[in-house]
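Here is the structure we will look at.
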Amino acid sequence: MSKDTIADTITSIRNADMVGKGIVRIVSTNITENIIKILLREGFIENVRKHQEGKKNFLVLTLRHRKNRKKPYRTSLKLKQISRPGLRIYSNYQQIPRILGGMGIVILSTSRGIMTDREARLKRIGGEVLCYIW
């Protein structure tokens, strides 16, 4: 694991979705918990539960998959990290990008916590663009 917990979280979810796994285990931090709450609220994840092994806390995610697929598996969840430790990307509320004309979401880290692009536009605050999800 690297020191970039957001990248680890996004990569774990993306890899599990690509191979068709239903369950993913990620390390629990405040940032990852807030991102997972947004994914759960927006319907990208079915269920989340906390798990503890020794002194480490984990989040166990149940991913949402298509049922009765007969064709080769295609990923249904697209995640892209934007801001990273070497290059932070910031945006004011007027310039927050729209993903697929508003069908996708942008997760931002603002002064009022981690939120989606819709919430940030309503509250008229900008922040660091963490990732795109569609």
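Because the structure is predicted, anything quoted here is derived from the model rather than measured.
In this view, K50 and E33 satisfy the salt bridge (charged side-chain N to carboxylate O under 4.0 Å, His left out) rule, not counting sequence neighbours.
Note on R118 versus E42: salt bridge recorded, some NZ/NE/NH1/NH2 to OD/OE distance being below 4.0 Å.
Side-chain atoms of R49 never come within 3.5 Å of backbone atoms of L61 as a donor-acceptor pair (strictly under, hydrogens ignored). With Q94 contributing its side chain and I96 its backbone, the two residues share no donor-acceptor pair below 3.5 Å.
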Apply side-chain contact (heavy atoms from CB on, under 4.5 Å) to the pair I133 and I107, showing each step before the final yes or no. CA-CA 8 Å; I133 301 166; I107 296 181; 3.5 Å; yes
Determine, step by step, whether T32 and T29 satisfy the side-chain hydrogen bond (donor to acceptor under 3.5 Å, both in side chains) criterion, reporting the C-alpha distance in whole Å, the side-chain angles of both residues, the deciding distance to 0.1 Å, and the verdict. CA-CA 5 Å; T32 56; T29 63; 3.0 Å; yes
Apply side-chain contact (heavy atoms from CB on, under 4.5 Å) to L130 and Q81, showing your working. CA-CA 6 Å; L130 298 178; Q81 182 184 13; over 6 Å; no
Show the numbers, then the answer: is there a side-chain contact (heavy atoms from CB on, under 4.5 Å) between Y132 and I99? CA-CA 7 Å; Y132 297 159; I99 306 302; 3.6 Å; yes
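Other residues, nucleotides and ligands contribute at most 12 non-hydrogen atoms within 6.0 Å of the CZ atom of R98.
Relative to the six-membered ring of F58, R25 meets both conditions, a distance below 6.0 Å and an angle of at most 45° to the axis.
If you take CD1 on I13 and SG on C131, they are separated by 9.0 Å, rounding to the nearest 0.5 Å. Expressed to the nearest 0.5 Å, how far CG of L79 lies from CH2 of W134 amounts to 8.0 Å. One finds the CD1 atom of I89 at 12.0 Å from the CG atom of L108 (value rounded to the nearest 0.5 Å). Here the OG atom belonging to S28 is positioned 10.0 Å from the CD atom belonging to Q52, to the nearest 0.5 angstrom. Residue N30 holds its CG atom at 10.0 Å from OG1 of T5, rounded to the nearest 0.5 Å.
Remark: of the listed residues R41, R124, R112, R41 is the sole one forming a salt bridge (Lys or Arg N to Asp or Glu O under 4.0 Å) with E119.
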